[in-house]
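Following: one structure in structure tokens, then a few remarks.
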Amino acid sequence: LSEPDVRRAVRPLRSTEIDAVYPLVSICRPLVGLEDWRRFALDRMARGPGGRARSGIMAAALPEPTALHGQVFCGVFAYRIDRGLEGDRLIVDEVMAPHVVSLPLLSSLLIEASLGEAQAHACRQVSIAVPWSSDPRSAASALGQACAARGLAAESLRYGKALPPEDTL
């Protein structure tokens, strides 16, 4: 897969493609069921007042659909725009990229798409949540290296914990 092929393939996910992306989601997030993915995707793709989107999902697809599977997706990320003290910030999270194509290339292209979305929405800042991994061959490591190469600096360290439905903070 060549760089121009992948570069052309990073685009907003269409609502008709939500189910087609689920195989990629299930590889990267095995605990996320199809219905949970559908709810999340529809929420992120919803339009706000005046028809303006404050969130979305970008996807990278292989350039040619296959006869058996149709469009094959090789990377996806969700974003939202939050208003902060210094203006709007595009926050990229839920980055999913299995080892289907070159992770450094895909990471770079997802970052470029993030920067393009931030410009399109007149954001003053971009934040990309890079999942933690100690494996230097992981998608998280490739994404972190690509962020640094594009001049994005580490901003903070965030801790998290998955809670069962009956747990409370």
Side-chain angles (χ1 to χ4, degrees), residues 10-49 52-62 69-86 88-101 103-104 106-111 113-115 117-118 121 123 125-148 152-169:
V10 179
R11 59 172 174 71
L13 186 68
R14 295 185 281 268
S15 60
T16 57
E17 299 171 320
I18 290 172
D19 285 2
V21 171
Y22 182 71
L24 181 145
V25 172
S26 68
I27 290 169
C28 297
R29 303 283 196 288
L31 299 179
V32 175
L34 177 58
E35 288 305 315
D36 292 330
W37 165 246
R38 285 177 178 154
R39 266 191 303 280
F40 174 81
L42 288 171
D43 181 63
R44 283 292 175 101
M45 297 167 80
R47 299 278 176 198
R52 183 112 169 110
R54 299 278 301 169
S55 61
I57 297 176
M58 298 291 286
L62 298 179
H69 299 291
Q71 192 72 65
V72 177
F73 293 92
C74 55
V76 65
F77 70 85
Y79 68 88
R80 66 184 188 280
I81 299 169
D82 288 350
R83 185 164 310 267
L85 293 173
E86 298 172 358
D88 284 350
R89 174 187 294 253
L90 186 123
I91 299 171
V92 174
D93 55 9
E94 303 301 340
V95 177
M96 294 173 258
H99 294 273
V100 176
V101 297
L103 288 175
L106 185 59
S107 295
S108 294
L109 296 175
L110 291 176
I111 290 167
S114 301
L115 296 172
E117 282 299 302
H121 291 281
C123 293
Q125 300 173 333
V126 175
S127 292
I128 299 176
V130 178
W132 170 254
S133 176
S134 59
D135 182 355
R137 299 164 298 166
S138 71
S141 179
L143 181 58
Q145 291 171 14
C147 283
L152 283 81
E155 295 176 324
S156 65
L157 180 61
R158 188 172 70 178
Y159 291 90
K161 176 184 177 183
L163 299 175
E166 64 276 0
D167 276 4
T168 60
L169 292 177

Quiz item: To the nearest 0.5 Å, how far apart are CG in D88 and NE2 in H121?
Solution: 10.0 Å
Practice problem: Of all the heavy-atom pairs spanning W37 and I18, show the shortest one and how long it is. | Solution: NE1-O, 2.8 Å
Practice problem: Kindly indicate whether the side chain of R83, heavy atoms from C-beta on, has any atom under 4.5 Å from the side chain of R54. | Solution: yes
Exercise. Output the distance between atom CZ (R89) and atom CD1 (I81), rounded to the nearest 0.5 Å.
Key: 12.5 Å
Quiz prompt | SG-CG distance between C123 and L115, expressed to the nearest 0.5 angstrom | solution = 11.0 Å
Quiz prompt | Intermediate values then yes/no, side chain to side chain contact (heavy atoms under 4.5 Å, CB included), V32 and F40 | solution = CA-CA 10 Å; V32 175; F40 174 81; over 6 Å; no
Quiz item: In chain order, what residues pass the side chain to side chain donor-acceptor pair (under 3.5 Å) check against R38, with sequence neighbours excluded?
Solution: D19, E35
Quiz item: Which atom pair, heavy atoms only, marks the closest approach of L24 to C74?
Solution: CD1-C, 3.3 Å
Quiz item: Less than 4.5 Å apart, any side-chain heavy atom of E155 and any of Q125?
Solution: no
Quiz item: Mind checking what makes side chain to side chain donor-acceptor pair (under 3.5 Å) contact with S55, not counting sequence neighbours?
Solution: none
Quiz prompt | Atom pair CE/CD1 of M45 and I57 - distance to nearest 0.5 Å | solution = 5.5 Å
Quiz item: Going by an N to O cut-off under 4.0 Å, is there a salt bridge joining R44 and D93?
Solution: yes
Practice problem: Run through I128, I111, V95 and flag the one making a side-chain contact (heavy atoms from CB on, under 4.5 Å) with F77. | Solution: V95
